[in-house]
Structures are given as C-alpha cells and as structure tokens.
Amino acid sequence: MNTVYVNGEYVPQSDARVSVYDRGFLMADGVYEVTSVLDGKLVDFDGHVKRLWRSLSELDMAAPVTEDELLEIHRRLVELNNIEEGGVYLQVTRGAAPERDFAFPNPDEVPSTLVLFTFAKNLVGSPAADKGIKVISIEDIRWGRRDIKTVQLLYPSMGKMLAKKAGADDAWMVEDGFVTEGTSNNAYIVKGNKIITRGLSNDILHGITRAAVLRFAQEAQMEVEERNFTIEEAQQADEAFITSATTFVQPVVAIDEAQIGDGVPGKVARRLREIYIEESRKAAI
Ligand code: PMP
C-alpha cells in the first residue's frame with residue numbers, strides 16, 4: 001500500500017487522517033503543487049517550491065517546513081513508493097481551527113496541515129501526446145487570483161466534465177473574448193515559427209512547465225510572443241498545444257470541433273515535447 005505523508009508522519013494511505021474542521025476541507029483554504037517524477041527524480045522541484053512559497057505568502061499562510069525538509073519528504077516518498085515515473089502531490093491548508101469561522105485562525109495556535117502523496121503514471125509514453133487532444137471552449141468564471149494555486153478546483157472539474165460530455169478531452173477557458181488557460185494547463189498556439197501564449201498576470205496560473213518550455217523554445221531559436229488570443233485565432237493557427245507538469249507538452253488537434261492544422265500533432269509541439277523531456281531528465285534531482 002502507498003505511504004503518504006501527513007504532518008510529520010509517514011503512514012499507510014488508509015491510516016492517513018485530517019480533521020473534518022480542516023479549512024482545506026471546509027473552505028478550500030489551501031494550496032497545492034504537483035511535481036512530476038522521471039527516472040525516480042523530481043522535475044523542476046525548485047520552481048514548484050518557489051511557486052508554493054508565493055501561493056502561501058499571498059494568502060498569509062505560514063510555510064509548514066523548510067525547502068530542504070520539503071525536498072527530503074518528496075524524495076523519501078518517491079523512494080518508499082518506488083515511483084520511477086509519475087508525480088508527487090503536495091497540499092498545505094490553513095489547518096483545523098477549533099470551530100468553523102470565516103476569519104483566519106491565529107497561525108500560532110493553529111498549525112497548517114501538510115499532506116503529500118505520490119502517484120505512478122506513464123508520462124513520457126502517452127497516447128494523448130501521440131494522438132493529440134480535443135478541447136472545447138467554455139466561459140472562464142473562476143475567481144480573480146488564478147495565479148495562486150489554490151485547491152478551489154470545482155469549476156475546472158466542471159470544465160472537464162463538459163468536455164467529456166462533448167466528446168472532447170479538455171476545455172480552454174475564455175474571458176472577455178480571450179483564452180485564459182486550460183482547466184489544468186497553460187494554452188498555446190503556433191503560427192509559423194512563432195509560439196503565442198497569454199502573458200503572466202493574476203488571470204492565469206504561472207505554469208512551471210510554461211516557464212521551462214518558453215525558455216527551451218527561445219534557446220531553439222523559436223519566437224515567443226506573450227499576448228492574448230481568441231478561440232477564432234486558435235482555430236486558424238498552424239498548431240495548438242498545452243503544457244503542465246504531468247502532461248509536459250501535449251498537442252491540441254481540435255478546438256470546438258474545428259480541426260487545427262492537419263488535425264494531427266504539429267511539428268513544433270512534438271519537437272518541444274522532445275526537448276522538454278530530454279532537458280527535464282537531465283536536470284531532475
Ligand atoms: N494552469 C492551471 C489552471 C493549472 O491547474 C495548471 C497545473 N496545475 C497549469 C496551468 C500548469 O502549471 P504547471 O506547468 O506548473 O503544472
């Protein structure tokens with residue numbers, strides 16, 4: 001059985017316990033990170049920890065452990081659960097206050113909750129990457145601080161369900177006529193040698209994979225343009241793709257049933273996926 005980490009202890013998954021008063025459970029008052037694992041090593045751990053510290057600080061939540069301790073916990077879980085390929089999920093919540101109250105509890109009295117678990121998953125060999133995915137567009141009705149990686153994931157879950165119902169794989173969210181991001185990934189289009197993706201702001205999550213992929217693209221002499229784009233522009237693009245820690249670079253071959261390019265994964269997305277996997281393997285710790 002999998003071992004999970006809960007507040008300082010490594011326990012079998014079925015014995016892991018969090019209070020019903022935990023604010024993560026009652027109020028989605030928590031943040032998370034997902035770090036992928038390749039060859040038993042952590043991909044871009046540094047980037048994920050930096051974003052975690054930022055999410056915590058934006059919500060006035062204390063960091064429960066140090067960066068070194070976090071690394072140690074990640075590594076120990078990966079080892080205990082024999083994860084060669086997959087990921088580590090981490091969640092920090094504002095802890096369990098003695099009663100349900102909207103006001104934040106005093107952090108000196110109520111320690112935050114820290115939970116980590118691992119999952120095994122084929123990340124490199126992925127049918128979705130070979131075939132490409134289909135997305136639909138939906139209105140983005142999420143809150144205004146999407147740059148904070150909170151566990152309020154109900155609308156993204158609804159988006160996935162809407163996509164499934166429509167026979168697609170995922171949804172791209174649209175606000176004021178422009179694509180913000182996918183339900184759990186950043187969104188891109190390609191026109192010629194140019195990669196176009198929305199710029200960073202509070203409107204989207206600052207993807208760790210996004211930062212790496214844009215850097216690799218520039219190093220490979222591709223042009224990167226950070227700007228808004230519409231669904232119509234995306235439908236006319238040569239290629240489209242998404243990025244996230246667990247999907248890496250995944251080609252998008254249809255948007256709202258309009259085929260993108262030739263309707264098969266494009267060469268820019270395929271190349272970026274290769275580079276990303278190669279470089280991530282090299283730099284994983
Ligand atoms: N946007 C959203 C809304 C996400 O949930 C995610 C993945 N958690 C991403 C983008 C991609 O971020 P990353 O590359 O750090 O996984």
Side-chain angles (χ1 to χ4, degrees), residues 28 30-38 42-56 58 70 74 86-92 116-117 119 121 123 126 128-129 133 135-163 169-175 178-189 195 197-217 224 226 228-229 240-250 252 269 272-273 275-277 279-280 283-284:
V31 298
Y32 75 110
E33 280 297 329
V34 180
T35 304
S36 62
V37 174
L38 280 178
L42 302 161
V43 174
D44 231 328
F45 177 77
D46 197 49
H48 287 284
V49 175
K50 285 211 171 73
R51 185 172 62 189
L52 174 66
W53 290 164
R54 182 175 177 278
S55 292
L56 290 170
E58 290 298 306
L70 262 194
H74 276 75
V88 182
Y89 175 89
L90 167 159
Q91 180 168 333
V92 184
L116 287 92
F117 54 81
F119 54 93
K121 192 175 178 201
L123 305 178
S126 142
I133 61 164
V135 303
I136 58 164
S137 63
I138 59 173
E139 190 66 22
D140 196 339
I141 60 164
R142 296 173 302 161
W143 78 324
R145 290 302 306 273
R146 303 158 193 161
D147 56 311
I148 308 173
K149 197 166 169 60
T150 75
V151 296
Q152 306 177 70
L153 296 172
L154 184 53
Y155 189 63
S157 295
M158 290 167 72
K160 284 260 192 227
M161 294 313 291
L162 289 169
D169 304 290
D170 201 2
W172 278 10
M173 294 177 280
V174 176
E175 185 171 58
F178 295 105
V179 174
T180 50
E181 58 189 335
T183 59
S184 59
N185 43 67
N186 290 114
Y188 308 73
I189 57 175
I195 295 159
T197 193
R198 192 180 178 104
L200 296 180
S201 70
N202 292 353
D203 300 339
I204 62 168
L205 187 75
H206 301 189
I208 301 305
T209 320
R210 176 189 185 279
V213 164
L214 293 186
R215 191 173 71 244
F216 298 144
V224 173
E226 291 180 70
N228 287 356
F229 61 87
F241 64 91
I242 57 163
T243 66
S244 77
T246 52
T247 60
F248 303 157
V249 176
Q250 210 164 76
V252 170
L272 280 175
R273 182 178 175 86
I275 299 175
Y276 180 80
I277 292 171
E279 295 298 322
S280 299

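In each ligand, atom 1 is the first atom listed, and ligand 1 is the first ligand listed.
Contacts between Arg146 and ligand 1 below 4.0 angstrom, taking non-hydrogen atoms only, are absent altogether. By the criterion of a heavy-atom distance under 4.0 Å, the backbone of Asn185, and not its side chain, is placed next to ligand 1. Residue contacts with ligand 1, taken as heavy atom pairs separated by less than 4.0 Å, do not involve Ile204 at all.
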Hey, mind stepping through Asp140 and Val174 against side chain to side chain contact (heavy atoms under 4.5 Å, CB included) and telling me if it holds?
CA-CA 5 Å; Asp140 196 339; Val174 176; 5.8 Å; no
Test log, rule side chain to side chain contact (heavy atoms under 4.5 Å, CB included), inputs His48 and Phe45:
CA-CA 5 Å; His48 287 284; Phe45 177 77; 5.7 Å; no
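Between the side chain of Thr243 and the backbone N or O of Thr209 there is no donor-acceptor pair closer than 3.5 Å. Distance alone, capped at 3.5 Å, places no donor-acceptor pair between the Thr35 side chain and the Leu42 backbone. A donor-acceptor pair under 3.5 Å is formed between the side chain of Glu181 and the backbone N or O of Leu205. In this structure, His206 contributes its side chain and Ile148 its backbone to no donor-acceptor pair below 3.5 Å. Remark: side-chain polar atoms of Thr150 are not paired, donor with acceptor, to backbone N or O of Val31 under 3.5 angstrom. The main-chain N or O of Glu33 is never found under 3.5 Å from a side-chain atom of Arg51 such that the two would form a donor-acceptor pair. A donor-acceptor distance shorter than 3.5 angstrom exists from the side chain of Arg273 to the backbone of Thr247, with no hydrogens or angles considered.
The residues Glu175 and Arg146 are annotated as salt-bridged, a charged nitrogen and a carboxylate oxygen being separated by less than 4.0 angstrom.
Residue Lys149 has at least one nitrogen or oxygen atom sitting less than 3.5 Å from a nitrogen or oxygen atom of ligand 1, judged on distance alone. Checking only distances, Glu181 does come within under 3.5 Å of ligand 1, N or O to N or O. At a 3.5 angstrom cut-off on N or O pairs, Leu205 does not count as close to ligand 1. Polar contact check, Arg142 against ligand 1: no nitrogen or oxygen pair lies under 3.5 Å apart. At least one N or O atom of Arg51, backbone or side chain, sits closer than 3.5 Å to an N or O atom of ligand 1. For a threshold of 3.5 Å applied to N or O pairs, the pair formed by Ile208 and ligand 1 contains at least one separation below that value.
Short contacts between ligand 1 and Gly207, defined as distances under 4.0 Å to a heavy atom of the residue, involve ligand atoms 12 (O), 13 (P), 14 (O), 15 (O). In the vicinity of Asn186, heavy-atom distances shorter than 4.0 Å reach the ligand 1 atoms 10 (C), 11 (C). Every atom of ligand 1 with a heavy atom of Ala245 under 4.0 Å away is listed here by number and element: 13 (P), 14 (O), 16 (O).
Thr183 counts as a contact of ligand 1, since one of its heavy atoms falls under 4.0 Å from the ligand.
Taking each of Thr150, Thr209, Thr180 in turn, the one with a heavy atom nearest to atom 14 (O) of ligand 1 proves to be Thr209.
Of all protein heavy atoms, the one lying nearest to atom 5 (O) of ligand 1 is Ser184 CA, 3.3 Å.
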